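Okay, structure first, notes after.
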Amino acid sequence: KLDQSQEADKFLFFLFGIATRVLANFRRKAKLMELDELPESDHFQLPEATRRSEMDFLYKALSLLHADQRDALVFFEMVGFSVREIADHQKKSEEAIRQSLSRGRKKLLEILKNNAEYKNSMP
């Protein structure tokens, strides 16, 4: 249908979307292969207490987000659901899910940055 398309930019966006997904899948697979090649002792370089405290802080930061943003972020980033699957689950449009993801990421980044500044200011 390329010859029928009246907007040439749509095809360009389509190609960029494909390229982005192919690159993301390649990087994800490469990371998994790297982890498999490392000895078990190298998987976690931080002490258990540090990892646990960082995980606890992440969960606390996630709990400060609006429920829809938190659910969208967890389903998309941690579980691996697609935007369409999340939209079906939450009974919202895909655009609304994308906005929730964007706003949730921004808010989470703000919370995490504030914590980093607090930790750096401690003696």
Side-chain angles (χ1 to χ4, degrees):
K1 295 186 178 182
L2 178 61
D3 56 341
Q4 298 172 358
S5 177
Q6 296 178 1
E7 297 179 36
D9 289 345
K10 285 188 178 181
F11 183 67
L12 184 61
F13 292 136
F14 175 71
L15 288 178
F16 278 119
I18 291 172
T20 302
R21 284 189 295 279
V22 168
L23 183 60
N25 287 337
F26 176 77
R27 287 182 176 167
R28 187 175 331 127
K29 289 177 185 175
K31 284 182 184 177
L32 291 175
M33 290 170 53
E34 289 173 8
L35 284 177
D36 289 341
E37 294 169 2
L38 290 175
E40 292 256 348
S41 62
D42 291 345
H43 278 233
F44 301 104
Q45 296 177 352
L46 295 175
E48 176 68 25
T50 304
R51 282 197 321 262
R52 179 66 56 195
S53 69
E54 288 179 355
M55 284 177 33
D56 288 343
F57 180 73
L58 177 62
Y59 289 134
K60 287 177 185 175
L62 282 170
S63 72
L64 297 174
L65 297 176
H66 188 270
D68 290 341
Q69 293 173 353
R70 180 181 58 245
D71 291 346
L73 276 173
V74 169
F75 286 143
F76 187 79
E77 301 292 347
M78 295 179 182
V79 179
F81 285 177
S82 69
V83 172
R84 178 175 290 158
E85 291 170 328
I86 299 168
D88 290 342
H89 180 268
Q90 291 188 355
K91 296 178 178 45
K92 294 184 175 183
S93 69
E94 290 181 30
E95 184 59 32
I97 298 302
R98 286 188 190 95
Q99 277 188 336
S100 290
L101 286 168
S102 177
R103 290 177 181 161
R105 286 183 187 122
K106 287 177 185 175
K107 181 69 176 173
L108 187 61
L109 182 61
E110 181 182 314
I111 293 168
L112 294 174
K113 278 185 178 180
N114 288 339
N115 181 60
E117 290 171 6
Y118 174 73
K119 282 184 178 179
N120 291 337
S121 68
M122 292 180 68

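On a predicted model such as this, the values are computed, not experimentally measured, just so you know. We number each residue from 1, following the sequence as shown. The basis for the numbers below is simple: all heavy atoms, side chains too, and nothing from hydrogens, waters or symmetry mates.
A search for ring-ring contact (aromatic ring centres under 6.0 Å, His included) contacts involving His66 returns nothing, not counting sequence neighbours. Annotation: side chain to side chain donor-acceptor pair (under 3.5 Å) contacts of Lys92 (sequence neighbours excluded): Asp68. Here Ser93 pairs with Glu95, Ala96 under the side-chain contact (heavy atoms from CB on, under 4.5 Å) rule; sequence neighbours left out.
Residue pairs meeting the ring-ring contact (aromatic ring centres under 6.0 Å, His included) criterion with at least one partner in residues 91-110, sequence neighbours excluded, do not occur; the list is empty.
Panel note: side chain Ser63, backbone Lys60; a donor-acceptor pair is recorded below 3.5 Å.
Clustering ILVMFWY residues whenever any of their side-chain heavy atoms sit less than 4.5 angstrom apart, transitively, puts Leu64 in the very cluster that holds Val74.
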Determine all donor-acceptor pairs shorter than 3.5 Å in which one atom belongs to a side chain in residues 77-88; sequence neighbours excluded.
from: Glu77; atom 1: OE2; to: Arg105; atom 2: NE; distance (Å): 3.2
from: Glu77; atom 1: OE2; to: Arg105; atom 2: NH2; distance (Å): 2.6
from: Ser82; atom 1: OG; to: Glu85; atom 2: N; distance (Å): 3.1
from: Arg84; atom 1: NE; to: Glu94; atom 2: OE2; distance (Å): 3.2
from: Glu85; atom 1: OE1; to: Ser82; atom 2: N; distance (Å): 2.8

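The two residues Arg70 and Leu62 come nearest to each other via the heavy atoms CD-O, 3.3 Å.
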Q: Under the side-chain contact (heavy atoms from CB on, under 4.5 Å) rule, what do Ile111 and Phe57 come out as? Steps first, then yes or no, please.
A: CA-CA 10 Å; Ile111 293 168; Phe57 180 73; 4.2 Å; yes
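Here the OG atom belonging to Ser102 is positioned 9.0 Å from the CD atom belonging to Gln69, to the nearest 0.5 angstrom.
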